[in-house]
Enquirer: 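Pasting a structure below so you can have a look.
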Amino acid sequence: MKQSTKKKAAVLAKKWEARVIKGSSFKTLTEELKKDAKDLDAKVYTGWVRSVSGFETSSAVQFCPNAYTSYMSPWPPWAHELALQSLLYGKKLTVLCDGTPMGDNLIQVAILDQNVK
């Protein structure tokens with residue numbers, strides 16, 4: 001992860017944690033996360049994991065933020081595990097990244113409860 005990305009990750013991780021603990025609705029939470037990310041020149045995508053291949057040291061994840069776009073790249077082990085859980089349990093994945101949602105750009109990955117009111 002690039003040094004500038006590490007700084008973004010540290011700032012945004014604190015904001016994400018505060019928002020999740022606060023118990024915001026899914027819609028409010030994602031809107032707030034997108035605003036926070038935009039302030040730091042990062043992006044938030046929410047979508048489906050369509051495939052996961054490989055294991056801890058060498059993996060590839062296909063992430064689809066919408067019906068027309070798909071990104072496939074190697075993901076680091078910490079993100080690969082969440083992608084696998086997202087795929088196995090049919091949950092959407094929220095990805096915070098520095099550019100496109102591809103392995104080297106990942107800052108934070110989360111499975112957020114979409115049933116929270």
Enquirer: So Glu81 and Gln85, side chain to side chain contact (heavy atoms under 4.5 Å, CB included) or not? Walk me through it.
Expert: CA-CA 6 Å; Glu81 181 61 31; Gln85 297 302 315; 2.9 Å; yes
Enquirer: List the atom of Val49, the atom of Leu87, and the distance in Å for their closest heavy-atom pair.
Expert: O-CD1, 3.2 Å
Enquirer: Do Val52 and His80 have side chains that get closer than 4.5 Å, going by heavy atoms?
Expert: yes
Enquirer: Is there a side-chain contact between Val109 and Trp78 in this structure, where contact means two heavy atoms from C-beta onward sitting under 4.5 Å apart?
Expert: yes
Enquirer: Check Pro76 against Leu106 and note the closest heavy-atom contact, atom names and distance.
Expert: CD-CD1, 3.9 Å
Enquirer: Minimum heavy-atom separation for Leu93 to Leu82, with atom names?
Expert: CD1-O, 4.0 Å
Enquirer: As a quick check of understanding, evaluate side chain to side chain contact (heavy atoms under 4.5 Å, CB included) for Leu96 and Lys43, giving each step before the final call.
Expert: CA-CA 6 Å; Leu96 175 66; Lys43 295 184 179 180; over 6 Å; no
Enquirer: Mind checking side chain to side chain donor-acceptor pair (under 3.5 Å) for Thr94 and listing every partner two or more places apart, or none if nothing turns up?
Expert: Thr46
Enquirer: Can Val61 be reached from Ile111 by stepping across I, L, V, M, F, W or Y side chains whose heavy atoms are under 4.5 Å apart?
Expert: yes
Enquirer: So, using salt bridge (charged side-chain N to carboxylate O under 4.0 Å, His left out) as the criterion, who are the partners of Lys38 when residues are at least two apart?
Expert: none
Enquirer: Shortest non-hydrogen contact from Tyr45 to Pro101?
Expert: CE1-CD, 3.5 Å
Enquirer: Within a 6.0 Å radius of atom CG on Asp41, are there more than 12 heavy atoms belonging to other residues, nucleotides or ligands?
Expert: no
Enquirer: What pair of heavy atoms forms the shortest contact from Ser73 to Met102, and how long is it?
Expert: OG-CA, 3.3 Å
Enquirer: Examine distances only and state if a side-chain atom of Asn105 and a backbone atom of Cys97 form a donor-acceptor pair shorter than 3.5 Å.
Expert: no
Enquirer: Could you pull out the closest heavy-atom pair between Ser86 and Lys92, with the gap in Å?
Expert: OG-C, 4.0 Å
Enquirer: Suppose we screen for side chain to side chain donor-acceptor pair (under 3.5 Å). Which residues come up paired with Gln62, at least two apart in sequence or across chains?
Expert: Ser51, Ser70
Enquirer: On the 0 to 90° scale, with breaks at 30° and 60°, tag the Phe63-Trp75 ring pair as parallel, tilted or perpendicular.
Expert: tilted
